[in-house]
Amino acid sequence: MISFTINDREVTGQEGWTILEVAKWHGIDIPTLCYHGAVEPYGACRLCVVEVDDGQQRRLVASCLHPVQEGLKVQTDSERVKNVRRWILQMMVDEHPGSQRIKELAKSYGVKESRFKSDRVEDLCILCGLCVRACDEVVGARAISLGNRGVRKEVATTHRLPSPECVACGTCLYVCPTGAMEQLFDRIRG
Ligand code: SF4
Ligand code: FES
């Protein structure tokens, strides 16, 4: 077992666990969007940022990716951490003003609403890849993937045609943190 502290509280976790896993195990809340315990972490949203001090330097890391380490001092809610989360949430609210979940998270950090009048209220997808990972790692179907690059990046099926691999299990709908997949299904259903 590895011993370290989270918010000055002594905690232990197994070797190979991440900071986020140990925090969850001990009931310490860290906000996440792209994380789900059933799939490999991807580090897309960066909302799970925490401050770590290993005795040599203090730095910010994504807790869903960072392994626990003996003697590490972790702060999940320092001013520096809160500032980064506010900044991330402000960008998300600006880019995806239609997502209720993002709005709620932003509000809990004092970020009220979009600074711009956006024409992207329909765009709820933060490209976190959770639906893709769940379809692959949990269902084993690989019916969807993250296609294209840059601003054209999107969750799609091959050639944007109905996927023969899809088993209509609804896992992608269930894991999507922003409501984007639900919106897509509503559109398909007409
Ligand atoms: S559809 Fe949802 S789960 Fe999939 S990448 Fe977009 S936000 Fe993430
Ligand atoms: S939950 Fe860690 S980067 Fe999204």
Side-chain angles (χ1 to χ4, degrees), residues 20 23-24 28-51 60-65 75-136 138 143-157 159-163 166 168-190:
L20 181 64
K24 280 184 175 294
I28 299 164
D29 184 51
I30 296 177
T32 62
L33 278 173
C34 73
Y35 173 82
H36 193 290
V39 296
E40 285 296 311
Y42 185 55
C45 73
R46 310 314 271 193
L47 209 59
C48 68
V49 63
V50 294
E51 193 167 3
L60 296 169
V61 298
S63 63
C64 69
L65 294 175
Q75 292 294 332
T76 66
D77 232 5
S78 65
E79 266 319 300
R80 198 173 165 203
V81 166
K82 284 194 274 196
N83 277 339
V84 174
R85 285 197 196 128
R86 274 187 212 112
W87 184 71
I88 293 169
L89 286 164
Q90 182 69 71
M91 282 198 310
M92 282 188 181
V93 164
D94 288 344
E95 287 176 20
H96 311 282
S99 169
Q100 204 51 39
R101 172 84 180 117
I102 292 174
K103 250 192 245 175
E104 279 163 18
L105 267 170
K107 199 172 163 200
S108 70
Y109 277 85
V111 176
K112 291 200 180 79
E113 45 192 83
S114 173
R115 295 168 296 184
F116 313 111
K117 203 164 173 51
S118 173
D119 54 357
R120 299 182 64 186
V121 261
E122 291 295 307
D123 178 12
L124 305 187
C125 180
I126 58 170
L127 299 171
C128 69
L130 194 45
C131 53
V132 174
R133 283 174 285 145
C135 185
D136 176 12
V138 179
I144 45 178
S145 59
L146 279 173
N148 295 327
R149 291 186 183 185
V151 290
R152 297 185 60 221
K153 197 169 177 182
E154 62 176 0
V155 173
T157 55
H159 305 305
R160 304 182 109 205
L161 292 170
S163 170
C166 178
C169 62
T171 303
C172 55
L173 260 179
Y174 176 74
V175 296
C176 176
T178 65
M181 201 44 93
E182 203 175 330
Q183 183 192 49
L184 182 68
F185 272 63
D186 284 349
R187 243 186 250 147
I188 293 169
R189 281 191 217 109

Inset, instruction - Kindly write out the residues that satisfy side-chain contact (heavy atoms from CB on, under 4.5 Å) with Val61, not counting sequence neighbours, or none if the list is empty. - result: Ile19, Val50, Val52, Arg59, His66

Inset, instruction - Can you measure from CG (Leu20) to SG (Cys64) and round to the nearest 0.5 angstrom? - result: 6.5 Å

Considering only distance and modelled atom types, tabulate donor-acceptor pairs under 3.5 Å from the side chains of residues 30-42, sequence neighbours left out.
| from | atom 1 | to | atom 2 | distance (Å) |
| --- | --- | --- | --- | --- |
| His36 | ND1 | Ala38 | N | 3.1 |

Legend entry - Gap separating the NZ atom of Lys24 from the SG atom of Cys48, nearest 0.5 angstrom: 10.0 Å

Legend entry - Residues Arg86, Asn83; criterion side-chain hydrogen bond (donor to acceptor under 3.5 Å, both in side chains); working and verdict: CA-CA 5 Å; Arg86 274 187 212 112; Asn83 277 339; 2.8 Å; yes

Inset, instruction - Take Cys131 and Ile144, measure what side chain to side chain contact (heavy atoms under 4.5 Å, CB included) needs, and give me the verdict at the end. - result: CA-CA 8 Å; Cys131 53; Ile144 45 178; 3.9 Å; yes

Inset, instruction - Look up atom CG in Leu127 and atom CG in Leu130, then write down how far apart they are to the nearest 0.5 Å. - result: 12.5 Å

Legend entry - From Ser63 atom OG to Leu47 atom CG, the distance as rounded to the nearest 0.5 Å: 9.5 Å

Legend entry - Expected output: side-chain Gln90 to main-chain Val111 donor-acceptor under 3.5 Å: no

Legend entry - Side-chain heavy atoms of Cys169 within contact of Tyr174, under 4.5 Å: no

Legend entry - Summary of salt bridge (charged side-chain N to carboxylate O under 4.0 Å, His left out) pairs that have at least one residue in residues 168-182, sequence neighbours excluded: none

Inset, instruction - Check side-chain contact (heavy atoms from CB on, under 4.5 Å) between Lys107 and all other residues, then give those that pass, not counting sequence neighbours. - result: none

Inset, instruction - Provide the closest heavy-atom pair for Val155 versus Cys125 in the form atom of the first, atom of the second, distance. - result: CG2-SG, 4.2 Å

Inset, instruction - Take Met92 and Cys45 through the test side chain to side chain contact (heavy atoms under 4.5 Å, CB included) and record every step on the way to the result. - result: CA-CA 9 Å; Met92 282 188 181; Cys45 73; 3.9 Å; yes

Inset, instruction - Apply side-chain contact (heavy atoms from CB on, under 4.5 Å) to Val81 and list each qualifying residue two or more places apart in sequence or on a separate chain. - result: Val49, Glu51, Leu60, Ser78, Arg85

Inset, instruction - Look up atom CD1 in Ile102 and atom CE in Met91, then write down how far apart they are to the nearest 0.5 Å. - result: 11.0 Å

Legend entry - Contacts of Asn148 that satisfy side-chain contact (heavy atoms from CB on, under 4.5 Å) - sequence neighbours left out: Arg152, Glu154

Legend entry - Side-chain (Thr178) to main-chain (Leu124) donor-acceptor, under 3.5 angstrom: yes

Inset, instruction - Working to the nearest 0.5 Å, report the span between CG of Leu105 and NZ of Lys103. - result: 13.0 Å

